[in-house]
Amino acid sequence: MAKWFVTLPPTLFLLAFFLAPALIVVAAGFREPGEFGGLAPFAAPSTEAYRFLLGDAIYAEIFARSFLVAGLSTLICVVLAYPLAWLIAKSPKKRRDLLVLLVILPFASNFLVRIYAWIMLLGPAGLLYTPFAVIVGMVYVHLPFMILPLYINLEKHDPALLEAAQDLGASAWTRFWRVTFPLSLPGIFSGSALVFIPVLGMFAVPELLGGTGDLLIGNLIKEQFLDNRDWPLGSALSILLTVAVLALAGLTAWAARRGLHGTEAVS
Amino acid sequence: MKRSAFWLWSASLAVYAFLYIPLAVVVLFSFNDSMLNAQWVGFTLDWYGKLLGDGEMLRAAANSLLIALLSSSISTVLGAMAGLAMHRYRFRWLPLLVLTPVAMPEILLGVSLLLFFRQSLDLTLGFLSILIAHTTFSIGFVAVIVRARLAGMDESIFEAARDLGASPWLTFRRITLPLILPALVAGFLMSFTLSIDDFVITFFVAGVGVTTLPLQIYSMIKVAVTPEVNAVSTLLMALTLTLIFFASRFAPDVLKERG
């Protein structure tokens, strides 16, 4: 009784407003566009949207650019997050909470406000509407997603390992690359998933900070649903993005597990 | 200070500066007595006054507040149920159903709901569609917070209550509910913040009739950069900070487990 009382309401809600809509997107990808947008009356399954996507090199180009921007943003996030995460992890307990709070606070301000701040800063500098502005915006919006998992990972490291390395004569540089860095890979992987995946589907940052040549998958999807009203094409693009995200999530989980095995070998 | 510690602090301070300077500039220029954002002229509260007279902005703010209140109430109840169910009954499909909406790029949830509302339900987009969408993406966050709270608890409390003859309902009311209350408050505040802040999903399901604060800000930014945006941004930041302050006072442990 109690079992179904707590399980059914959220399950039914999510089946109705999450799973059903997701399945409808899959179905819409195999329909044909209506004359005035939306979907044409159903006749037979159609692969037109997918054939169109594969037939035009511009789509492959935008997918490639999206992966490039996501990869670059993730890499920059790792570089920026590392010292901060390390500092927090090494701080005494009381100061640590304050330093974490200082990371979360700017991230709690509205997403558009954070993009807008960069319009104000980059506009007068003449850097607005460039690929540089897009990367800065992406990094700024997602950086805390990298700092927090990395800090949680670094906090768990046993300081005895570094002491042992030092006793064995390893330099600071060697200690970092041979001990700390490999042990922190699971943190880097989970942070990367939290940065890479949202960046891949983002449309607001390229739209507000980028030039016309900086559009990503997200912009393409938005355009098909709201401007061109080509729902089958928009759906097909959403499905491709979903497949990419699922593949990445699987890959990250696999890599994090491998990273953890590595950890066991070291400790 | 050791040389390595010096480098670590310098690098970290630079990253903190990167996080804070842009927002500080927005706050600062909301008090700037100039139409342009380019240079500082003098102190004024005019832009805040202008906001108070901006009917469209006030309507958007009222919509945002009402939707946030309603959606976070509903998602706190549904999310708490999901959290309890995930903790107690090990259905393998439940976490998948509850947590996937949190992990996906927002745009995917936005377009799928747009398609569903327009194509399958033939619903006019507006207040109701935004409310449903916000509830959908908040459930998972509440569930995670509630589950984390339950995971840290000693199961024997619940067993003791049952052994003493308490009915499941009485156990829930007298034991479980008081224990998860901080998680419920944190979950409510979290979904409230998510709802007030959401732009991407709302953008797809709002239609033309109803606008929210982020949508209003978006259309202002798209047209031109004005100090009025600085003022509304500053107010929004102040609101979020207040909410975070309350959340951390109510449920510090739960928030930490989530982070």
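In what follows, every chain begins at residue 1, and chains take the letters A, B, ... in the order their sequences are listed.
- A donor-acceptor pair under 3.5 Å is formed between the side chain of B/Y20 and the backbone N or O of A/L102.
- Using a 4.5 Å heavy-atom cutoff, the side chains of B/L113 and A/F18 are not in contact.
- Rounding to the nearest 0.5 Å gives a distance of 12.5 Å between OG of B/S12 and OH of A/Y82.
- Using a 4.5 Å cut-off between heavy atoms, B/F137 makes no contact with chain A at all.
- Residue with the most contacts toward chain B among A/L246, A/V136, A/T242: A/T242 (heavy-atom pairs, distance under 4.5 Å).
- Most heavy-atom pairs under 4.5 Å with chain A: of the set B/A82, B/G83, B/A103, B/A133, this distinction falls to B/A82.
- Looking at A/A172, neither its backbone nor its side chain comes within 4.5 Å of chain B, counting heavy atoms on both sides.
- With contacts defined as side-chain heavy-atom distances shorter than 4.5 Å, the pair A/M120/B/V26 qualifies.
- Between A/L208 and B/K222, the closest side-chain pair of non-hydrogen atoms falls below 4.5 Å.
- In this structure, the portions of B/T136 lying under 4.5 Å from any heavy atom of chain A include both its backbone and its side chain.
- Using a 4.5 Å cut-off between heavy atoms, B/L213 makes no contact with chain A at all.
- Relative ring orientation between B/F199 and A/F203 is described as tilted, the plane-to-plane angle lying within the 30° to 60° band.
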Ring pair (Phe, Tyr, Trp, His ring centres under 6.0 Å) assessment of A/W4 paired with B/F91: CA-CA 12 Å; A/W4 295 108; B/F91 297 118; 5.5 Å; yes
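- Both the backbone and the side chain of B/Y218 come within contact range of chain A, each with at least one heavy atom under 4.5 Å from a heavy atom of that chain.
- Only the side chain of B/L241 comes within contact range of chain A, with heavy atoms under 4.5 Å apart.
- At least one side-chain heavy atom of B/F18 sits less than 4.5 Å from a side-chain heavy atom of A/V139.
- For chain B, the option among A/L99, A/I88, A/I239 with the highest count of heavy-atom pairs below 4.5 Å is A/L99.
- Using a 4.5 Å cut-off between heavy atoms, B/A238 does not touch chain A at all.
- Contact of B/T135 with chain A is made through backbone and side chain together, with heavy-atom distances under 4.5 Å.
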Verdict with supporting geometry, B/L23 and A/R114, side chain to side chain contact (heavy atoms under 4.5 Å, CB included): CA-CA 7 Å; B/L23 297 176; A/R114 280 177 286 154; 4.0 Å; yes
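- Looking at B/L19, the atoms closer than 4.5 Å to chain A (heavy atoms on both sides) sit in the backbone and in the side chain alike.
- Contacts of B/V98 with chain A are made by both backbone and side-chain atoms, with heavy-atom separations under 4.5 Å.
- For chain B, the nearby part of A/I119 is the side chain; its heavy atoms alone come within less than 4.5 Å.
- Distance check: A/R229 CZ to B/R118 CZ gives 7.5 Å after rounding to the nearest 0.5 Å.
- Contact annotation for B/F172: neither backbone nor side-chain heavy atoms come within less than 4.5 Å of a heavy atom of chain A.
- For chain A, the nearby parts of B/I132 are the backbone and the side chain; heavy atoms of each come within less than 4.5 Å.
- In this structure, the portion of A/E207 lying under 4.5 Å from any heavy atom of chain B is its side chain and not its backbone.
- Here the CG-CG distance, from A/L14 to B/L78, works out to 8.0 Å after rounding to the nearest 0.5 Å.
- Checked by atom type and distance alone, the side chain of B/Y89 never pairs as donor or acceptor with a backbone atom of A/V6 at under 3.5 Å.
- With a threshold of 4.5 angstrom between heavy atoms, A/L121 approaches chain B through side-chain atoms but not through N, CA, C or O.
- In this structure, the side chains of A/F111 and B/P214 stay at 4.5 Å or more apart for every pair of heavy atoms.
- Between chain B and the options A/L105, A/L19, A/V245, the largest number of non-hydrogen pairs under 4.5 Å is found for A/L105.
- Looking only at side-chain heavy atoms (C-beta outward), B/Q119 and A/R31 come within less than 4.5 Å of each other.
- For chain A, the nearby part of B/L236 is the side chain; its heavy atoms alone come within less than 4.5 Å.
- Considering A/L241, A/I217, A/N219, A/L200 in turn, A/L241 is the only one that fulfils the side-chain contact (heavy atoms from CB on, under 4.5 Å) rule with B/I107.
- Between chain B and the residues A/V100, A/I115, A/L80, A/I147, the largest count of heavy-atom pairs under 4.5 Å involves A/L80.
- Note that the CD1 atom of A/I24 and the OG atom of B/S112 stand 9.0 Å from one another [nearest 0.5 Å].
- Heavy atoms from other residues, nucleotides or ligands lying under 6.0 Å from CZ of A/F17 number more than 12.
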- request: Please lay out, stage by stage, how B/L8 and A/L84 fare under the test side chain to side chain contact (heavy atoms under 4.5 Å, CB included).
  value: CA-CA 8 Å; B/L8 196 56; A/L84 200 51; over 6 Å; no
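- Heavy atoms of A/Y140 lying under 4.5 Å from chain B belong to its backbone as well as its side chain.
- Side-chain contact between B/N230 and A/Y116: present, with at least one pair of heavy atoms (C-beta onward) separated by less than 4.5 Å.
- Nearest heavy-atom pair, A/G201 versus B/P105, reported as atom, atom and distance to 0.1 Å: CA-CB, 4.4 Å.
- Using a 4.5 Å cut-off between heavy atoms, B/W169 does not touch chain A at all.
- The candidate with the highest count of non-hydrogen atom pairs below 4.5 Å against chain A, out of B/D198, B/I221, B/L109, B/L97, is B/L97.
- The CG atom of A/L226 sits 5.0 Å away from atom CZ of B/F204, with the distance rounded to the nearest 0.5 Å.
- For A/A16, the part lying under 4.5 angstrom from a heavy atom of chain B is the backbone only.
- Ranked by non-hydrogen atom pairs under 4.5 Å with chain B, the options A/L143, A/L8, A/T11, A/V103 are led by A/T11.
- Screening A/P21, A/S235, A/S238 for a side-chain contact (heavy atoms from CB on, under 4.5 Å) with B/V111, the sole residue that qualifies is A/S238.
- Options B/I139, B/I217, B/L84 differ in how many heavy-atom pairs under 4.5 Å they form with chain A, and the most are formed by B/I139.
- You'll find the side chain of A/F225 reaches within 4.5 Å of the side chain of B/L115, heavy atoms only.
- Rounding to the nearest 0.5 Å gives a distance of 11.5 Å between CD of B/Q216 and CG of A/L112.
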